[in-house]
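The basis for the numbers below is simple: all heavy atoms, side chains too, and nothing from hydrogens, waters or symmetry mates. Residue numbering restarts at 1 for every chain, and letters A, B, ... go by the order of the sequence lines. Source: prediction; values computed, not measured.
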There are 2 protein chains.
Amino acid sequence: MPAVAKRADRHTPESLLAVAVDVFNVRGYDGTSMEELAKAAGITKSSIYHHVSGKEELLRLAVTRALDGLFAALDEPGALEGPAVDRFAYVVRRTCLELVRNLPYVTLLLRVRGNTGAERDALERRREFDHRVADLAAAAVADGDLRPDLDPRLTARLVFGLVNSVAEWYRPDGPVTGETVADALGSLVLDGLRPRS
Amino acid sequence: MPAVAKRADRHTPESLLAVAVDVFNVRGYDGTSMEELAKAAGITKSSIYHHVSGKEELLRLAVTRALDGLFAALDEPGALEGPAVDRFAYVVRRTCLELVRNLPYVTLLLRVRGNTGAERDALERRREFDHRVADLAAAAVADGDLRPDLDPRLTARLVFGLVNSVAEWYRPDGPVTGETVADALGSLVLDGLRPRS
DNA sequence: TCAGACTAACCGACCGTTCGGTAGGATCGA
DNA sequence: TCGATCCTACCGAACGGTCGGTTAGTCTGA
């Protein structure tokens with residue numbers, strides 16, 4: 001009884017979110033007005049408030065989605081079982097794929113600065129994520145499976161800076177697939193650019 | 001006769017720029033009001049316009065400074081002479097050091113999205129910089145000094161994404177020096193994280 | 001007929017910017 | 001030496017415009 005073809009409403013919180021995230025990523029959250037959002041969605045400004053409580057809720061929905069996707073990777077078997085170095089490599093690869101799969105949402109998350117409550121909450125969850133990955137890198141160094149001459153915290157920061165930077169240029173309609181990026185990135189991180197002698 | 005001790009004015013375009021860049025980096029350019037800028041500088045909003053033409057000029061001054069510093073590295077002997085792989089490594093290291101040395105300005109540059117004229121001009125110069133670095137990577141691959149199985153454009157993007165990501169977490173008053181970051185980064189890029197057998 | 005999707009008109013607050021005016025050191029003619 | 005004059009740095013008040021959000025009501029399909 002719920003699924004009896006309602007009126008083909010043009011907008012849902014979900015569809016508005018998709019539009020909003022795209023506009024936020026182009027103009028920036030602060031640089032985007034509700035009027036612009038409305039125009040992009042083909043609706044009037046006031047109509048947006050029929051579906052969502054306001055601008056900040058759209059941001060909160062977006063970054064929550066991105067964070068849920070990233071944290072999900074940490075709870076998968078590949079991130080929980082086996083040698084730390086393998087788990088580290090798995091998380092790096094998996095995060096990269098998640099970023100590409102969920103590109104607009106993760107991109108928005110990575111640009112959050114902490115001006116609003118939603119942003120500050122997102123930053124806190126991001127810190128938690130970074131912390132868990134740094135622990136993984138430290139464990140791999142302790143196992144002797146990563147170079148001991150590089151500080152594990154610095155390593156974790158560099159590696160995830162590298163992963164996150166993909167959001168700055170990756171385009172899903174481009175020639176490069178997410179798999180290709182994840183492979184190149186994993187190979188670069190583990191083996192470097194120099195040919196093995 | 002001109003240099004006879006003038007009045008000790010509290011503000012110059014230069015000092016306002018330093019304040020503005022710091023505030024822009026915390027709140028974002030769009031998220032910063034002239035009132036906030038004025039409060040941070042200890043001056044009234046209207047007084048700012050005595051020194052600079054407006055908000056966008058402050059942004060333009062900042063990103064121009066950052067870009068000039070980065071391009072200067074490309075014209076140094078280390079980036080012009082010798083094997084391509086060495087020039088590539090030199091530019092990576094040099095860019096990293098420049099980022100750390102000029103942190104607030106480069107950070108602001110890296111966050112520019114293209115909403116205003118000043119931002120679009122900056123993005124264009126950034127693209128030019130990236131292009132020249134990608135050429136360097138391609139030349140090094142052609143020489144057989146970088147792994148041929150990774151696409152040089154992808155490589156250049158990843159490596160400079162890595163360098164740029166340093167701006168997200170580096171703090172000059174922290175325990176890590178710019179030299180340390182540059183060394184770790186150069187070593188990671190060339191040799192990877194895996195211990196050499 | 002009635003609930004829900006939607007809109008035009010509007011609100012107070014705040015935006016970047018401008019303007020008229022002022023304090024006070026520098027300059028200069030006498 | 002001293003008053004008149006000028007200039008630079010600065011300020012308070014206000015501008016037109018835009019912001020995110022609200023209100024009161026219309027339209028529409030079942």
Checklist entry - Would A:Y105 and A:L67 count as a side-chain contact (heavy atoms from CB on, under 4.5 Å) if you check the C-alpha gap in whole Å, the side-chain angles of each, and the deciding distance to 0.1 Å? => result CA-CA 9 Å; A:Y105 298 89; A:L67 283 162; over 6 Å; no
Checklist outcome for this item: Contacts satisfying side-chain hydrogen bond (donor to acceptor under 3.5 Å, both in side chains) that involve residues 85-96 of chain B (not counting sequence neighbours) are B:E76-B:Y90, B:E76-B:R94, B:R93-B:E179, B:R93-B:D183, B:R94-B:E98
Item to check | Distance (rounded to the nearest 0.5 Å) between B:F24 CZ and B:K55 NZ | outcome: 6.0 Å
Next on the checklist: Can you measure A:H11 atom NE2 to C:dG4 atom P for me and round it to whole angstrom units?
Outcome noted: 18 Å
Next on the checklist: With rounding to the nearest 0.5 angstrom, report the CG to OG distance, A:L158 to B:S187.
Outcome noted: 10.5 Å
Checklist entry - Expressed in angstrom and rounded to an integer, what is the separation of A:D30 atom CG from D:dT18 atom C1'? => result 15 Å
Item to check | Interface residues of residues 46-60 of chain B with DNA chain D (non-hydrogen, below 4.0 angstrom) | outcome: B:S46, B:S47, B:H50, B:H51
Checklist entry - Under a 4.0 Å N-O cut-off, is there an ion pair linking B:R113 with A:E168? => result yes
Item to check | Distance in angstrom units between B:I43 CD1 and C:dA23 P, rounded | outcome: 18 Å
Next on the checklist: In this structure, how many angstroms lie between the C1' atom of D:dA14 and the CE atom of B:M34, rounded?
Outcome noted: 16 Å
Checklist entry - Between B:L37 (CG) and C:dC14 (P), how many Å, whole number? => result 18 Å
Item to check | Side-chain ion pair, B:D173 and B:R171, N-O less than 4.0 Å | outcome: no
Item to check | Quiz item: A:K45 side-chain donor-acceptor pair to C:dT7 base, under 3.5 Å | outcome: no
